[in-house]
Colleague: 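My structure is below; once you've seen it, I'll send some questions.
Not measured: the values here are computed from a predicted model. The sequence lines fix the lettering, A, B, ..., with proteins before strands; numbering per chain opens at 1. These numbers come from the heavy atoms of this one structure, side chains and all, not from hydrogens, waters or symmetry mates.
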Amino acid sequence: MEYNFREIEKKWQKKWKDDKVYKVPNESTKPKYYVLDMFPYPSGAGLHVGHPLGYIASDIYSRYKRLKGFNVLHPMGFDSFGLPAEQYALETGQHPAVTTEKNIETFKAQLDKIGFCYDWSREVRTSDPSYYKWTQKIFLELFNSYFCNTQQKARPIADLIEKYKTQGNSNFTAEQWNAYTKAGQEAILMKRRLAFSSFGEVNWCEALGTVLANDEVVNGVSERGGHLVIKKKMRQWYLRITAYADRLLQGLETVNFSEPMKEMQRNWIGRSEGAEILFTLNPVPSPLGEKGDVETEREIDKETEKKGAALAPKYTVSSPMHYELAKKNRKDFTDAEDALWQAIRGSQLGAKIRRQHPIDAFIVDFVSLQDALIIEADGGYHENEEQKLYDENRTRILNEIGFTVIRFTNAEILSKIDLVKNQIKSKLKELSISKETQTHKQEAQGSEFSPPSPPRGEGQGLRSDTGLRCYTTRPDTIFGVDFLVLAPEHNLVSSITSAEQKAAIEEYLTYVKSRSDRERMSEVKQITGCFTGAYATNPFNGKQIPVWIAEYVLAGYGTGAIMAVPCGDQRDFAFAQHFNIPITNIIGNDFNGTEANATKEATLQNSDFLNGMLMKDAIGVAINKIEELGIGKRKVNYRMRDAGFSRQRYWGEPFPIVWKDETAIALSETDLPLTLPHAEKYGPGPEGEGPLANMTEWVQAPLSTSGEGQGVRETSTMPGYAGSSWYFLRYMDPHNSQTFCDRKASDYWNQVDVYVGGTEHAVGHLLYSRMWTKVLYDLGYIGFKEPFKKLVNQGMITGSSRLIYRYAWDFVKHPENFNSSSLPSIFVSKSKFEKWQKNDTQAIKEIRDFALELLKREVSNINEYSYLPEMSFYILRVDVNMVNGFELNVEEFRKWKNGEYSNAEFILEDDGKYICGAEVEKMSKSKYNTVNPDELCTQYGADTFRMYEMFLGPVEQSKPWDTKGIEGVHRFLKKLWRLFYTDINPATNTGGEPKWVDEKPTDAEYKILHKTIKKIEQDTENFSYNTAVAAFMISVNELADAKCYKKEILSQLLILLTPYAPHIAEELWAALGCEGSILDANYPVLNESYLVEATKEYPVSINGKMRSSINLATEATEEEAKQAVLSNDAILKWLEGKEVKKFIFVKGRMINVVV
RNA sequence: GCCCCGGUGGUGAAAUUGGUAGACACGCAGGACUUAAAAUCCUGUUUACAGCAAUGUAAGUAACGGUUCAACUCCGUUCCGGGGCACCA
């Protein structure tokens, strides 16, 4: 017998398939174990050697756990919706379903060649209607749920509706709710749904008529075509992942992810504590000169009313019903309200105050219409979370309409009525002054109606005539504020800009519109910004602060406005320097004037009541003061935004949503799956919607819920992460047609024990699937809160591209009658190219002479150097598969690309080889640096391939691929084979006889085995597979040296090897005549007693430098060691008779003598 | 720019987690077997210097500095490479 891996692997793969050995039951007496790979996107390029790295690692672990007696779930599937298939369809007209199917077949065949132990009967494909039916179903669950702030969990939206119907909330009574139109109710509910629709910005390319991914936008233009890309607001779906921010943060404590991985997620969520501070904005002269009259604008807009209360434009009252309700309310006063009314009624404060007055969707407690000031009296603000949210929303909407809202608690009114009165009085005064000078009103926003809610949930859309909210984590630096910066998209920008600055601001806004978020964040060195002409007042010291806009402030974070403290923040500092804004120093000598110091340890100066305090202590003091003065409040902020959930694409899950009168209506579960209609064209819809918008028949849909009327379907589709957010559940119960995963199945398999995948998913996919898991848990569908117990990250295998250097036949002076492109290409070997780069005259001459000879040959009678172009080179990439190490296979190269270079000429190295340059970069078909695992499996076998990929280095480490070393691993397997069979002599065709014997092994042989058991078990548990492979090599080398062919040793070794090289292990196991399949053998048990050593060779250092070694008994004490060492001649020589100051003895490790 | 990871011979890497730097391989060089090649086996292989040699001495884990009896490992600064930054998956 010889090691014929091709036959062996084919034989066992067939047998394992026929015997269904990888089929996993959902019921077993064994303990369960769930090992999962991140499933691949089946790209057209097929599998390259980078893909299997993680798969092999998880396969080894699965097989290992199986040998250890577990019922192991190890499934595989395909994340088969996605952009590349659609792009391909756009280019070739081939339907994504067809190409995807083809790609999956290729992937599966490739995966099977490597011998993975997947239970293919559980395969899932996200683009399969039987799968995405359940993606749609879970979307509906998200749509039909809200996040209850009291219980901090998802609950059915029906609960909320019931509550509104019977109790109302702080904004409206039950009666009011019931009187709202359906559309109005839906608009309010939309603000609470976990999957909700709103407006958000997308990369819009007018020329292509489509939305682009950030990836497809480079320097403000489309990657393909170079067309201008701008930001555009579009209706989008979102997942309210921000509601889960805290739970996602806390959940990290319960999972076994690497610390950096957790850190990345924490940073992504970006929880910060600080304060929101209200800066009053000073009046600016009107650029429009338009006089707004509050009273006359305040008319009932019936058209808007239909769209629902929350969608109403400014200065309206929602419904006549409100007047009725308000009247009723006036008879029903609380004590506090009454007390306040008595104190401010009539015009005693210089303004006419009305009580219980309808404004927009609300009935406010008190209002001065003249000054647009609303005074609210309630205790709600400080009660519970839900109440607080409503109050904030209400305030925000009223702000948007143009009112200033001040709020007092019942306690404040009842106990300090004079103080309250004074505050109202001064506010009124402030407002009336502002009104006198500020004669213009804000322009209406561009969009047809204002968004029901910005993606962030709140914070944007702030539109107050008088206040600007800034979020800061450093309220202690309030006295160091030298300017305010708004995001260019901030709603206030247009209204605060002065006439003088209007042109400059508009120019700046045009510039910003063309900039991607990525660019705005990364090019910080390039400082840009524009002064608005407006000033704000520092609420603590009345200082006038200029208000700027700048692209480094992003609209999506915080309130979209920051207070800039140049002495404490480097970006603020750079900005101040660039625009010559004077800097206030509040930290004395801790600020050196040349760069900001972000310390929290400095002592504050120039800071009024904070003077002398350490900054870190001052933070809390400042927040308390801010709250006390009512100019802001303590605030927790998250960097994370709600997740955009719609794509203007074809190849994704259709939304089970029908729109009717701007209201989203969900399909019922019985209408699922809503299948993706077959498309003939994949171009964008008329207004940049997804391609589905072009299917006019499909778009028209009956309203399944009511059965009456027609609606239009949602035409965007779900993003790639929809299907991948829950696929690990479907594997548990893949064929269930009643539900996405039976609770019994998910209770049995529970969490994924080990999840293997790349770090590139650190935040996206992992956070989304964690959120979905929490929602499904909240709704009672599954019994665990985190999907993945342990995460193992595999590194990326990068390609090592091979470069060749082509002489450039770019003629300056054309000899007559020929064109340079017909000349054979000349390729210069690496070292000669490099010499040319260094101006080496000899190399230059060689190349020139070569070129001239060629020219003479091709074009007769040319014999002058002057005909040669100035020397330059093109660097091309060649297919790495034509290169052996760095040596180009010239013959193959000539045949490459259908003979494009068939007449190529080469200037070789002096040893006659063509040597290529190299560059490490991402593996990609276009760089010709991909290596196909199929060919390696054919050439060396799956077992060799598997072990070699593991031998390359630690699983989690990125490394360039190099096929060369695979020989070493292949040799190892052949050497292993020769432990079982004698060598074959091809001349005589003899040999290949079994070698094994059934004899009792010696202790030395047992020691080799048990050393290996220990090392392999440890390394396998720790995913340290590269060192495990090395241990196998050592073991086989030692057994070969010891001429140990004993069955007992060899059979145990085979079991250890099974996870790594299952085919050869099974073959030799059968050859030895062992029982059953080795896949289900019992894992060897370590016996430490074989490993005990009597003596140990201790290294001895003198002053920390290794000088000698000494053999001591393993059990030697420090005293014994000291005696032995100080009487050892070799060591005494080093001591040179100096006095021993210190003697360090680490048992079992080393000895150090300090002299 | 921000967040995370990494940098050790010609190459992939190892180092019991602060204790003999370079295990195990690849490559290369030399040798054995062979008519020859393949396959296999043996020897050497961090660098510099000295030596016929065994060997010895010195330096050495991106660079510089620090902590320690002892640093690839811990701390600080800098440089370089990779991944992510919300519509690639």
Colleague: Taking the P atom of each, how far is rA53(B) from rG60(B), in whole Å?
Modeller: 26 Å
Colleague: Ignoring the backbone of Arg1149(A), work out which of rG19(B), rA13(B), rU40(B) is nearest its side chain.
Modeller: rG19(B)
Colleague: Please check the phosphate of rG6(B) (OP1 and OP2 only) for any side-chain N or O of Gln957(A) closer than 4.0 Å.
Modeller: no
Colleague: Mind checking Asn1037(A) for me? I need base, sugar-phosphate or nothing, with any heavy atom below 4.0 Å counting as a touch.
Modeller: sugar-phosphate
Colleague: It should be established whether Arg971(A) places a side-chain nitrogen or oxygen under 4.0 Å from OP1 or OP2 of nucleotide rC26(B).
Modeller: yes
Colleague: To the side chain of Leu952(A), which of rG19(B), rG12(B), rC88(B) is closest?
Modeller: rG12(B)
Colleague: For the C1' atoms, the ones on rA14(B) and on rA25(B), what distance do you get once it is rounded to whole angstrom?
Modeller: 11 Å
Colleague: Need one value for Val1153(A): base, sugar-phosphate or nothing, where a base atom within 4.0 Å counts as base even if backbone is also close, heavy atoms only.
Modeller: nothing
Colleague: In whole Å, what separates the C1' atom of rA62(B) from that of rC80(B)?
Modeller: 7 Å
Colleague: Hey, does Glu263(A) reach any base, or is it just sugar-phosphate, or nothing, if we go heavy atoms under 4.0 Å?
Modeller: sugar-phosphate
Colleague: Can you figure out which of rG19(B), rA89(B), rU20(B) approaches the side chain of Ile1144(A) most closely?
Modeller: rG19(B)
Colleague: Pick the P atom in rC64(B) and in rC69(B), then give their distance to the nearest Å.
Modeller: 23 Å
Colleague: Is the distance from OP1 or OP2 of rG12(B) to the nearest side-chain N or O of Lys959(A) less than 4.0 Å?
Modeller: no
Colleague: When you measure from the side chain of Met640(A), which nucleotide among rA86(B), rG12(B), rC24(B) comes out closest?
Modeller: rA86(B)
Colleague: side-chain contact (heavy atoms from CB on, under 4.5 Å) for Lys231(A) and Glu489(A)? Distances and angles first, verdict last.
Modeller: CA-CA 10 Å; Lys231(A) 297 271 174 188; Glu489(A) 296 85 352; 5.6 Å; no
Colleague: Counting only side-chain nitrogens and oxygens, does Asn1152(A) get under 4.0 Å of the OP1 or OP2 atom of rU68(B)?
Modeller: no
Colleague: Could you tell me whether Lys974(A) contacts a base, only the sugar-phosphate backbone, or nothing, with contacts defined as non-hydrogen atoms closer than 4.0 Å?
Modeller: sugar-phosphate
Colleague: Select base, sugar-phosphate, or nothing to describe what Ser1101(A) touches, counting heavy atoms under 4.0 Å on all strands.
Modeller: nothing
Colleague: Of the candidate nucleotides rC85(B), rC24(B), rC69(B), which contains the atom at the shortest distance from the side chain of Trp268(A)?
Modeller: rC85(B)
Colleague: Considering just the side-chain nitrogens and oxygens of Arg641(A), establish if one lies under 4.0 Å of OP1 or OP2 belonging to rA86(B).
Modeller: no
Colleague: Quiz question: by atom type and distance under 3.5 Å, do the side chains of Thr242(A) and Asp642(A) form a donor-acceptor pair?
Modeller: yes
Colleague: Looking only at side chains, do Tyr940(A) and Glu967(A) share a donor and an acceptor under 3.5 Å apart?
Modeller: yes
Colleague: Looking at rA89(B), rA25(B), rC87(B), which one has an atom nearest to any side-chain atom of Gln236(A)?
Modeller: rC87(B)
Colleague: Would you say the side-chain atoms of Thr1027(A) and Asp1019(A) include a donor-acceptor pair closer than 3.5 Å?
Modeller: yes
Colleague: Between Lys1096(A) and Met264(A), which residue's closest nucleotide on RNA chain B lies nearer the 5′ terminus?
Modeller: Met264(A)
Colleague: C1' atom, rC74(B) versus rC42(B): distance in rounded Å?
Modeller: 44 Å
Colleague: Heavy atoms only, 4.0 Å cut-off, all strands: where does Val763(A) land among base, sugar-phosphate and nothing?
Modeller: sugar-phosphate
Colleague: Grab the NZ-P distance between Lys975(A) and rC41(B) for me, whole Å please.
Modeller: 5 Å
Colleague: Give a yes/no on whether any side-chain N or O of Arg978(A) is located under 4.0 angstrom from OP1 or OP2 of rC41(B).
Modeller: yes
Colleague: Please determine, for the side chain of Lys1105(A), which listed nucleotide (rC24(B), rA59(B), rC69(B)) has the closest atom?
Modeller: rA59(B)
Colleague: Take atom P in rA71(B) and the same atom in rG84(B), then report the distance between them in whole Å.
Modeller: 38 Å
Colleague: Checking Thr1095(A) against Glu1097(A): is there a side-chain donor and acceptor pair closer than 3.5 Å?
Modeller: no
Colleague: rG66(B) and rU55(B): how far apart are their C1' atoms, nearest whole angstrom?
Modeller: 37 Å
Colleague: Counting just side-chain N and O atoms, does Asn267(A) come under 4.0 Å of either OP1 or OP2 of rC85(B)?
Modeller: no
Colleague: Do Asn1037(A) and Lys975(A) pair up side chain to side chain, a donor and an acceptor below 3.5 Å, judged on atom types alone?
Modeller: yes
Colleague: Is the distance between the ring centroids of Tyr1025(A) and Tyr1060(A) under 6.0 Å?
Modeller: yes
Colleague: Which comes earlier along RNA chain B counting from the 5' end, the contact point of Asn1103(A) or that of Val202(A), where each point is its nearest nucleotide?
Modeller: Asn1103(A)
